[in-house]
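First comes the structure, then the notes that go with it.
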Amino acid sequence: MQIMFKLFGLTAFACVLLSACNLGSIPPSANSAPSNAPNVRLGATSESAPPSPSAAAENTAAPVAPAESTASYPYACGSDDAASSARQVAARVDIDYAQKAASVDQLISFKNREDDPLESIVLDVQSNQWDGSFVLNELLVDEAPAYHELDANRLEIPLAMALPPGCAIEIEIRFRLLPDVIRDGMRAFRGFFGYSPRQLNLAHFLPNVAARINGEWRIHSPARIGEQIVYDVADWRVEVHVQDATDDLKLAASGEIKELEPGLWRVELRQSRDFALSLSEKFQLHEGLSASGVDVAVYTLRDSQAGVNINGKNSASHVLAITIQALELFERLFGKYPRDRLVVVQGDFPDGMEFTGLVFVGSAWFAQFDGTAYNYLTLVSVHEIAHQWWYALVGNDAALHPWLDEALATYSEYLFIEAHYPADKNWWWTFRVASYLPKGDVDSKVYEFNTFREYINAIYLRGVQMLHNLRQDIGDEQFFQLLRSYAEIGSGQVVDPKSFWALLPAEQAPLTIETRHEFLRDPGVDSLFALAAGADS
């Protein structure tokens, strides 16, 4: 849409196209499992069921009937720049900080890199999970109104003319965001899209073209427990304009940030699964540099205990130190961190949450910091940093195969303790795993659990038991080679468990039979191996 290019100066960016996690580590108590807050619009609890309907008619712009659509769809076709993402997002986000609301003008450019034409485009609109949070004002295709259907987090646009292979489409959407206050229960765990008296968090807030897997749009109904997101990578260029805030306001975001003028920033983030930011007038910034040259920025809230010395140590400096340690360790074990910056933000919501190049760590863990490494401030921080490999780098379907990122991120906690506090490995196993007596199948789907604790026990904790047994089955050298290979082949992709298990050499398959049968409901990955010596028959 030329209007937005002229307004925001984003022409060059758009033209490029043409060439979890809630850790859920709260100790067992009567209040451990979050309740289902009434304002969360939940989908059906199986991946085969249709998404739940959007609650209010005002949440969608009045669609234009297909026969009345004025779009001519003169698609741009031609050469392709493989270094750029098929998804390009340019946006202007105007935020009223006092009102905790935003207006967004967004352009999505998408190139069909499949072999077949696409009859429709589906957008993933995570911010429409909650009543009143997302108000769609206008949707244009080729600068003209286009028929569309918005149903919870799924927005489908049937195309009057199929999008041929090698051709690009441009979709402009204008909408308003009204995130809710961070509250108790289930909604609190979604505080990455919400606000507290001292912080506004906007994550999973910009719609994008849904992931395409095996020729289908992959988008799931919102999950009551856990996550259901599946994202392909995109290139983002976002201008953030904030009004009605004091001069103390700071923006926390990943990517390349340029402050154009007071209250106006431009953020560029390439090859990213998401775009997230946090704003606060209370932020204090703590910075450091890893051995490999990665800038590490930790944003804490200065009117909390994050700035108080406890047992001679400061929680903010502790998080900065362990972030650098974890980053350096995981680069050695899994492969290079693919970005220049890593941002950690103290969030006024439980546990933590991962995004590309940015992670949230809950304020409760800062407040409970005891001056040692033996606490959830350490473990949650390390867990979320590990997600920079197991989510941001290697994508997976968080609804159908949540263990692929959550079990690996949790086991990465153990690897951190093993490397930096080797005498206390048993402490980690007791504190983090054994005390919960975990049960459940590691390969369960998020829709199969009745409580948050059941989900954590099966996916996270049984998952780390499985990975540790796998390590013992094949030995350290082969195990870490497996992780490095998985990070390499999955980089920038959305993979499934077959991609993980198929990396085991045929001679190692028999060694893992007992482990797979103990932890997996469906251990039948044997067909992926060239069966050796009658393995697993």
task = May I have the step-by-step check of side-chain contact (heavy atoms from CB on, under 4.5 Å) for D405 and H387, ending in yes or no?
result = CA-CA 7 Å; D405 63 293; H387 273 305; 3.3 Å; yes
Step-by-step side-chain contact (heavy atoms from CB on, under 4.5 Å) determination, W427 to Y421 = CA-CA 10 Å; W427 165 83; Y421 305 93; over 6 Å; no
inquiry  = The test is salt bridge (charged side-chain N to carboxylate O under 4.0 Å, His left out); show your working for D94 and R92 and say whether it passes.
reply    = CA-CA 6 Å; D94 288 294; R92 165 80 177 215; 3.0 Å; yes
inquiry  = Using side-chain contact (heavy atoms from CB on, under 4.5 Å), reason through V93 and V238 one step at a time and then give a plain yes or no.
reply    = CA-CA 7 Å; V93 183; V238 181; 3.8 Å; yes
message = Between Y436 and Y460, is the ring pair (Phe, Tyr, Trp, His ring centres under 6.0 Å) condition met? List the steps.
response = CA-CA 11 Å; Y436 295 96; Y460 293 57; over 10 Å; no
ask   = When you look at L202 and F193, which way does the side-chain contact (heavy atoms from CB on, under 4.5 Å) test go after all the steps?
value = CA-CA 5 Å; L202 294 177; F193 181 72; 3.9 Å; yes
Worked verdict on F134 versus F175 for ring pair (Phe, Tyr, Trp, His ring centres under 6.0 Å) = CA-CA 7 Å; F134 176 88; F175 56 94; 4.9 Å; yes
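Remark: side-chain polar atoms of R341 are paired, donor with acceptor, to backbone N or O of G255 under 3.5 angstrom. A donor-acceptor pair under 3.5 Å links the side-chain atoms of S412 to the main chain of L408, judged by distance alone. In this structure a side-chain-to-backbone donor-acceptor pair under 3.5 Å is missing from R87 to K111. Side-chain atoms of Q271 do not come within 3.5 Å of backbone N or O of A234 as any donor-acceptor pair. Side-chain atoms of Q243 do not come within 3.5 Å of backbone N or O of I95 as any donor-acceptor pair. Remark: side-chain polar atoms of T323 are paired, donor with acceptor, to backbone N or O of V319 under 3.5 angstrom. Between the S290 side chain and the I324 main chain, no donor and acceptor come within less than 3.5 Å of each other. In this structure, the side chain of H148 engages the main chain of A146 through a donor-acceptor pair within 3.5 Å. Within the 3.5 Å criterion, the main-chain N or O of A152 finds a donor-acceptor partner in the side chain of N128. Checking side-chain atoms of R273 against main-chain N and O of A392 turns up a donor-acceptor pair under 3.5 Å.
A side-chain N or O of D370 and one of N375 form a donor-acceptor pair less than 3.5 Å apart. Between S280 and Q199, the side chains place no donor N or O within less than 3.5 Å of an acceptor N or O (distance only, hydrogens not considered). A donor-acceptor pair shorter than 3.5 Å cannot be found between the side chains of D351 and H383. For the 3.5 Å distance criterion, the side chains of S292 and E331 qualify, holding a donor opposite an acceptor. A donor-acceptor contact closer than 3.5 angstrom links the side chains of D348 and S363. Under 3.5 Å, the side chains of Q129 and H204 contain no donor-acceptor pair of N or O atoms. In this model, a donor atom of one side chain and an acceptor atom of the other lie less than 3.5 Å apart for R176 and S103. No side-chain donor-acceptor contact under 3.5 Å links E170 and Q88.
A salt bridge does not link R237 to D235: none of the charged nitrogens lies less than 4.0 Å from a carboxylate oxygen. A salt bridge does not link D124 with R154: every distance from a Lys NZ or Arg NE/NH1/NH2 to an Asp or Glu carboxylate oxygen is 4.0 Å or more. Between E268 and R266 there is no salt bridge, since no side-chain nitrogen of the basic residue lies less than 4.0 Å from a carboxylate oxygen of the acidic one. The pair E256-K258 does not count as a salt bridge, with every side-chain nitrogen at least 4.0 angstrom from each carboxylate oxygen. Between E413 and R432 there is a salt bridge, with a side-chain nitrogen of the basic residue lying less than 4.0 Å from a carboxylate oxygen of the acidic one. At a threshold of 4.0 Å, the pair R174-D105 counts as salt-bridged, since one of the basic side-chain nitrogens sits closer than that to a carboxylate oxygen.
Aromatic pair Y414/Y411: centroids less than 6.0 angstrom apart. Proximity of the aromatic rings of Y337 and F330 is defined here by a centroid distance below 6.0 angstrom, and this criterion is not met. Taking the six-membered ring wherever Trp is involved, the centroid distance between the rings of F360 and F192 does not fall below 6.0 Å. Between F355 and Y391, the ring center distance fails the sub-6.0 Å criterion. H318 has its ring centre no less than 6.0 Å from the ring centre of F366. Taking the six-membered ring for Trp and the full ring otherwise, W390 and F334 have centroids separated by under 6.0 Å.
Around the CG atom of D244, the shell of radius 6.0 Å holds more than 12 heavy atoms that belong to other residues, nucleotides or ligands.
Side-chain contact between R183 and D180 is present, with at least one heavy-atom pair separated by less than 4.5 Å.
One finds the OG atom of S196 at 8.0 Å from the NZ atom of K100 (value rounded to the nearest 0.5 Å). Here I459 contributes atom CD1 and F449 contributes atom CZ; the two are 4.0 Å apart, rounded to the nearest 0.5 Å. Summarising the geometry, atom OG belonging to S221 is positioned 5.0 Å from atom OH belonging to Y447; distances are rounded to the nearest 0.5 Å. With rounding to the nearest 0.5 Å, the separation of CZ in F416 from CG in L379 is 9.0 Å.
For the residue pair N153 and P222, the shortest heavy atom distance occurs at OD1-CD, 3.6 Å.
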